[in-house]
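Values reported hereafter were calculated over all heavy atoms of this structure, with side chains retained and with hydrogens, waters and symmetry mates removed.
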Amino acid sequence: MKRIHGVLPGVFAAAALAAAIACPPTAQAQSKPMVNLTDPCPIKAENWRGRAFYEILFMFRQPDGGGIGNYFNSLGNALPEPNDAMDVRFRALDAETLRKDYGGDGVFFNGPRRLVANTVTGMSWEGCKQRVIAGIPLNLDGVFEVPSLEKFVSGSMPPYRPMVSKRTSSMIFNAGETVYELITPEGAVYTMFSLSLKIDPKNTIENLPTLGERLTLPTGWQFRSRKLDNEMVLTATADSNPPNTVVLDQLEGNYQYNAGASAKK
């Protein structure tokens, strides 16, 4: 992944689920919520399909019980060790320690992950200043919102429920690739852009052809795979209204709303 100028940032992914911790608010968390996105820097990540990346969310409690926070992502950054060793590092991170170091009411680990899109372009923030945690270089990529911080913390946030992920990105899938999609009862299409190894370490990109057999869908939902005749691009804008939404499957695969896809195709 090459940054257009300067040091390479990481970017994207959406959003997320993970096991972590919720704790009483700290003075640091209250005074530095870090939710606003400023100082954007353009990025481009090429040929990333199947490659590892990691994401950590620093969340803050809302008055209505919901949660909002920033997610920091390693996508595109060079990693110091092979994927398996980096997965071990990521799984060993401690949420309480990171909460004390960086503030917030909860810290959430999304991954280990692998990208399903081929190329990603868009924006990172804070001038692509990196936050290095356990040797994992992370960049601020967006804002994530959940309806219940406590449920998110406990790991009981249900899959197949749209959640807000504010970021600026274009995820490109090459012609000839197979894409994997969820279709809601209302006919909205969500396309998978990354998968997770957190729940099932064997849920690799090589095993995606059998994913439909391994998912248990809610009533009215559908899963499909299809081969692309032409290049497909999933776009998102951080300040869009309505905001960009994502859903997770029960293995924590990430799917983005695909306004250009039809439930009939």
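Relative to the six-membered ring of Tyr54, Arg89 misses at least one condition, a distance below 6.0 Å or an angle of at most 45° to the axis. Seen from the ring of Tyr71, Arg113 does not count as a face-on cation partner, given the 6.0 Å and 45° thresholds.
Annotation: side chain of Lys202 is not in contact with side chain of Arg214 (no heavy-atom distance under 4.5 Å). Lys166 places none of its side-chain heavy atoms less than 4.5 Å from the side chain of Ser240. For the pair Trp221/Pro185, a side-chain contact is recorded, criterion being any heavy-atom separation below 4.5 Å from C-beta on. A 4.5 Å side-chain heavy-atom check between Leu251 and Leu195 finds every atom pair outside the cut-off. Contact check for Glu55 versus Phe108: no side-chain heavy atoms found under the 4.5 Å cut-off.
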>> As a quick check of understanding, evaluate side-chain contact (heavy atoms from CB on, under 4.5 Å) for Leu197 and Arg91, giving each step before the final call.
In response: CA-CA 10 Å; Leu197 304 179; Arg91 291 178 185 275; 4.1 Å; yes
> Please walk me through it: do Glu252 and Asn203 pass side-chain contact (heavy atoms from CB on, under 4.5 Å)?
Replying inline: CA-CA 10 Å; Glu252 298 187 10; Asn203 185 41; over 6 Å; no
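The residues Lys100 and Asp94 are annotated as not salt-bridged, no charged nitrogen and carboxylate oxygen being separated by less than 4.0 angstrom. Classification of Arg49 and Glu177 as a salt-bridged pair holds, one side-chain N sitting under 4.0 Å from a carboxylate O.
Taking CG of Asn174 as the reference point, atom OG1 of Thr119 lies at 6.0 Å (rounded to 0.5 Å). Rounded to the nearest 0.5 Å, atoms OG1 (Thr237) and CG (Asn244) are 8.5 Å apart. In this structure, Glu231 CD and Phe173 CZ are separated by 11.0 Å, a value rounded to the nearest 0.5 Å.
Using cut-offs of 30° and 60° on the angle between ring planes, the pair Tyr180 and Phe223 is parallel.
Of all heavy-atom pairs between Val107 and Ala95, the closest is CG2-O, 3.7 Å. For the pair Leu37 and Ala238, the tightest heavy-atom approach, listed with the atom from each and the gap, is CD1-CB, 3.9 Å.
No chain of hydrophobic side-chain contacts below 4.5 Å, direct or via other Ile, Leu, Val, Met, Phe, Trp or Tyr residues, connects Leu115 to Val233.
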